[in-house]
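First comes the structure, then the notes that go with it.
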Amino acid sequence: MRKVVTFLLMLCVMFSVFANGSSETTAPAASGTDSGSQKGGTIVGAMNVDVSAYASWRLRSGQEKLSLSPVYEPLMKFDENGELQPYLAESLVADVDNLTYTVTLRDDVYFSDGSKLDADALLWNFENFKANSQTSSTHFGSVESFEKIDDRTVVIHLSEWNTQIPYSLNSVAGLMYSKKAFDDHGYDWCLENPVGTGPYVMTEYVTDSYKRYEKNPNYWNKENEPYFDNVEIRIIADNMSAQAALISGDIDFYYGGDFQMKSTLQNMGYNLYSNQMWYTIYFLIFGSAVDGSPLEDVRVRQAIAYAIDSDAISKSLDFGMSFVSNQYAVEGTQFYSDDVVGYEYNPEKAKQLLAEAGYPNGFSTTIAVGVDQALDRYMVAIQGYLAEVGIDVTLDYQETAIWTSRGIYQIDEGMILAGHGFGANLVNQAVSNFSQRAISGVGMLKDSKIHPDDLNDVLMSALSATDTEEMLSYMHEAERLIIDEYCLGYPVVIAFSTQIIAQPDIIDSGFVQAYNEYMDWTKVSRAN
Amino acid sequence: MTKREIKIRSFLKTFYSRGFIVYASTIVFMIFVIAAIFAPLISSYDPNAISLTESLAQPSSAHIFGCDLHGRDVFTRILYGARVSLIVSVLSCIVGAVLGMILGLIAGYKQGAIGGLIMRYVDLQLAIPPMLFTIIIGMIAGHSLFGMVFAISFGMLPAFIRLMYGQVLSLKQNDYITALKFADVPSWKIILMHLLPNAFPTMLVNFTMNLGSSIMLESTLSFLGIGIQQPTASWGSMVSDGYSYIFLRPALAFVPGVCILLLVLSLNILGDSLRDAIDPRLKGKL
């Protein structure tokens with residue numbers, strides 16, 4: 001018997017020795033940024049919903065940015081100090097007097113199909129984006145034409161000055177798609193097959209299941225090779241399943257999830273990485289196309305703003321992971337205006353304003369929200385706060401198909417709650433949402449009657465300002481008009497729009513945690 | 001002891017013949033009924049009033065099951081949620097049973113083109129998965145209480161129609177029905193005075209059995225977010241809301257889930273017992 005026990009013990013010791021030895025040799029070594037790191041392997045990410053677009057000019061959602069950023073790269077990129085620098089472009093020269101931007105390309109950039117990024121490809125990308133992108137009016141609304149100068153240079157001609165073009169070239173308008181792929185296969189093929197200059201090529205995807213990528217053999221940026229050989233992005237719609245997948249080690253990071261999940265995992269030692277430039281503002285938009293609607297009266301709109309306690313919402317519903325701003329900008333950023341007073345929670349003041357507006361007993365209205373927006377917690381809280389001042393709110397959850405087919409922000413009466421991304425291109429966003437351009441574009445308040453002339457003038461002046469200081473002074477005035485003067489909406493809370501919760505050994509040295517709208521897959525690695 | 005009293009005692013004896021589990025089910029069912037009726041007296045909290053300072057509050061003497069994310073008292077919402085569950089289930093079963101019995105009676109007695117039409121409709125509806133059918137009708141009918149009643153009762157129609165149809169076909173074979181026909185008794189009289197009363201006990205058992213199913217359906221629809229509109233408390237939506245906090249505050253999902261389980265279980269057992277009492281020959285059979 002003793003012999004048997006001794007033999008079993010020896011077996012266990014040998015097994016554990018070999019097991020340890022094996023883990024030492026197969027475990028990925030230090031980060032790609034650290035010396036002595038061992039590159040390779042696969043990084044497995046997951047996100048909550050699948051994407052519907054693969055062509056560069058059609059990308060809009062955060063999930064599309066995450067899953068197509070291994071493939072596409074922008075013309076401009078933010079450096080580690082938050083300064084915009086040429087990336088695929090060699091230079092970008094602004095000429096205010098002649099209303100032009102001149103883009104000169106690097107000479108060494110190739111697409112994954114082997115074709116070169118030259119002026120012809122750039123010109124085609126720009127013209128295709130202007131003609132076919134849903135966000136064309138946001139990014140290229142003031143562009144008159146494009147002109148090829150030589151093999152590496154394209155000039156953008158503007159109808160009016162636009163300070164936002166460099167930011168647009170960091171965004172979807174600056175992502176480059178292979179012209180050769182388009183010429184060889186046609187438009188429809190391109191919609192489902194991404195071909196870019198990025199560090200990876202997408203090799204396989206199964207809708208609502210996964211996407212797989214391999215290193216791009218033709219990647220032009222030899223100084224910045226990615227750490228991982230392969231990337232896999234899975235779709236895990238359910239937060240609890242995603243949490244379980246992270247805890248069990250099935251995935252390396254998750255894009256999505258609610259604040260409770262992030263808070264729990266962060267407390268367990270998982271890393272929460274946030275983009276420092278891009279935010280989502282949860283904005284309660286007052287829209288009314290009906291004469292005599294209570295919401296036509298600015299006092300009613302202000303009463304609603306006073307009735308909502310954003311501090312409590314941030315602290316309780318978002319576990320302190322969102323923050324509050326009194327305007328359509330983040331405090332501490334250049335767009336934030338100290339002149340905006342905003343609406344501190346004051347239900348008594350709300351009741352007083354309602355009485356002054358002729359609604360002492362409140363009224364009934366609706367808040368519309370897309371059912372897939374996952375904003376239920378805010379909706380219920382707002383409904384509860386407004387009930388306290390006598391406003392009876394019906395929550396109108398719209399199915400995704402209806403929500404999008406109606407033009408997302410088209411409502412006839414009532415309010416909309418929408419999570420709205422903004423960042424470096426805040427001027428573009430404000431113009432698209434609050435100027436009179438919104439009527440013909442895809443911005444919020446599209447069908448609203450509330451499009452004041454003075455706000456429109458200020459926003460258009462900000463867009464065509466010739467220097468940053470001038471642009472900011474107009475934007476600060478626009479913030480005051482949007483919030484204090486007209487109360488076109490109420491900023492419920494603001495949150496980082498791009499966040500991943502990652503395994504403790506995943507190191508983000510500029511992957512998500514940077515200023516760029518699109519992730520940099522050469523800046524993620526695994527620690528020892 | 002009168003004949004009537006003897007009949008009642010015999011009924012109750014058979015009803016409770018399964019012993020403790022039927023007594024327990026009766027008590028559980030009565031507790032939920034009393035909770036639903038007297039909810040405002042049992043709890044002083046407003047089930048829909050938010051209080052974010054008490055968000056996810058732990059169970060305490062003030063809040064025996066704690067508070068949900070919006071600081072609403074979970075116990076109060078359970079009480080008011082019982083109202084929703086019971087009203088939806090009883091109303092939808094009544095609507096489904098009445099319509100189903102009428103259509104089943106017509107189809108079974110008349111047969112021919114009308115009967116064929118009704119029964120082909122039943123076949124058509126049964127070809128669609130019941131949950132999918134109810135979800136679609138629910139989305140069309142809206143997120144109100146009556147929208148739910150409409151959707152669930154519509155979903156139950158085929159079962160009631162088919163059962164009634166079968167009962168009528170069977171009863172029609174009896175000599176007394178043939179005699180009534182020969183005696184030129186009007187059809188409506190035969191239907192209302194003879195067929196309906198004779199088929200009623202079986203329909204009553206089916207009605208009771210369906211109460212539990214309709215509670216499950218209502219909870220499922222609310223869990224999926226297409227049930228009763230927020231902020232109205234509903235057990236299904238409470239499970240759905242609490243599910244996200246299962247590790248942090250398990251009671252949020254667990255308590256309404258247990259309530260659904262207990263009420264559905266008690267109704268099913270009571271339905272079985274009712275069947276035993278009405279037709280003891282079927283005792284213990286499905």
Side-chain angles (χ1 to χ4, degrees), chain A residues 238-244 247 257-265 267-268 307-320 345 347 366-367 369-388 392-402 492-493, chain B residues 45-58 66-74 76-77 135-136 138-145 147-148 221-234 236-250 252-254 257:
Chain A
D238 180 59
N239 284 351
M240 302 301 287
S241 306
Q243 193 167 330
I247 291 169
D258 57 23
F259 290 122
Q260 187 263 332
M261 171 190 170
K262 289 173 185 171
S263 167
T264 304
L265 287 168
N267 290 336
M268 290 168 69
I308 300 168
D309 187 353
S310 287
D311 283 318
I313 288 175
S314 168
K315 193 178 163 196
S316 301
L317 303 187
D318 292 343
F319 299 82
Y345 176 56
T366 303
I367 303 179
V369 69
V371 76
D372 63 347
Q373 298 269 302
L375 300 180
D376 205 43
R377 64 190 186 283
Y378 298 143
M379 297 285 273
V380 173
I382 292 167
Q383 187 184 43
Y385 280 125
L386 296 187
E388 285 173 13
D392 179 33
V393 174
T394 300
L395 304 181
D396 178 13
Y397 292 97
Q398 299 194 348
E399 294 305 319
T400 307
I402 299 168
V492 181
V493 287
Chain B
Y45 293 107
D46 178 342
N48 303 328
I50 63 165
S51 172
L52 295 191
T53 51
E54 295 181 290
S55 174
L56 298 177
Q58 294 271 24
C67 291
D68 68 7
L69 182 68
H70 293 92
R72 298 172 296 194
D73 182 56
V74 173
T76 309
R77 287 178 69 77
I135 286 174
I136 292 167
M139 286 168 75
I140 295 166
H143 300 288
S144 68
L145 193 94
M148 283 303 97
L221 292 177
S222 296
F223 181 83
L224 294 172
I226 46 180
I228 305 290
Q229 164 86 54
Q230 286 272 21
T232 308
S234 155
S237 60
M238 287 176 75
V239 174
S240 172
D241 294 344
Y243 170 68
S244 305
Y245 310 99
I246 196 84
F247 295 130
L248 199 63
R249 297 282 181 274
L252 293 182
F254 187 72

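Only this structure's heavy atoms are used, side chains among them; waters, hydrogens and symmetry mates stay out. Please read all numbers here as calculations on a predicted model, not as lab measurements. Proteins come first, then strands; the chains are lettered A, B, ... in the order of their sequence lines, and each starts at number 1.
- A:Ala387 does not touch chain B: none of its heavy atoms, backbone or side chain, sits under 4.5 Å away.
- Across all their heavy atoms, A:Leu317 and B:Leu52 have their closest contact at CD2-CD2, 3.8 Å.
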- request: List the steps, then state whether side-chain contact (heavy atoms from CB on, under 4.5 Å) holds for B:Arg72 with A:Val380.
  value: CA-CA 11 Å; B:Arg72 298 172 296 194; A:Val380 173; 3.4 Å; yes
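- A distance of 13.5 Å separates CZ of A:Phe259 from OG of B:Ser244, quoted to the nearest 0.5 Å.
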- request: Under the side-chain contact (heavy atoms from CB on, under 4.5 Å) rule, what do A:Ser316 and B:Leu69 come out as? Steps first, then yes or no, please.
  value: CA-CA 8 Å; A:Ser316 301; B:Leu69 182 68; over 6 Å; no
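- If you take CD on A:Gln383 and CD1 on B:Ile50, they are separated by 9.0 Å, rounding to the nearest 0.5 Å.
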message: Working note: A:Thr264 + B:Phe247, criterion side-chain contact (heavy atoms from CB on, under 4.5 Å); need CA distance, chi angles, decisive distance, verdict.
response: CA-CA 9 Å; A:Thr264 304; B:Phe247 295 130; 5.8 Å; no
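- Checking B:Tyr243 against A:Asp238 by side-chain atom types alone, a donor-acceptor pair falls below 3.5 Å.
- Nearest approach of B:His70 to A:Arg377, heavy atoms of both residues: NE2-O, 2.7 Å.
- The CG atom of A:Leu395 sits 5.0 Å away from the CD atom of B:Gln229 when rounded to the nearest 0.5 Å.
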task: Under the side-chain contact (heavy atoms from CB on, under 4.5 Å) rule, what do A:Gln260 and B:Leu248 come out as? Steps first, then yes or no, please.
output: CA-CA 9 Å; A:Gln260 187 263 332; B:Leu248 199 63; 4.0 Å; yes
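- Nearest heavy atom pair, residue A:Asp376 against residue B:Asp241, reads OD2-OD1, 4.3 Å.
- Summarising the geometry of B:Ile246 relative to A:Met240, their closest heavy-atom pair is CG2-CE, 2.9 Å, with the distance given to 0.1 Å.
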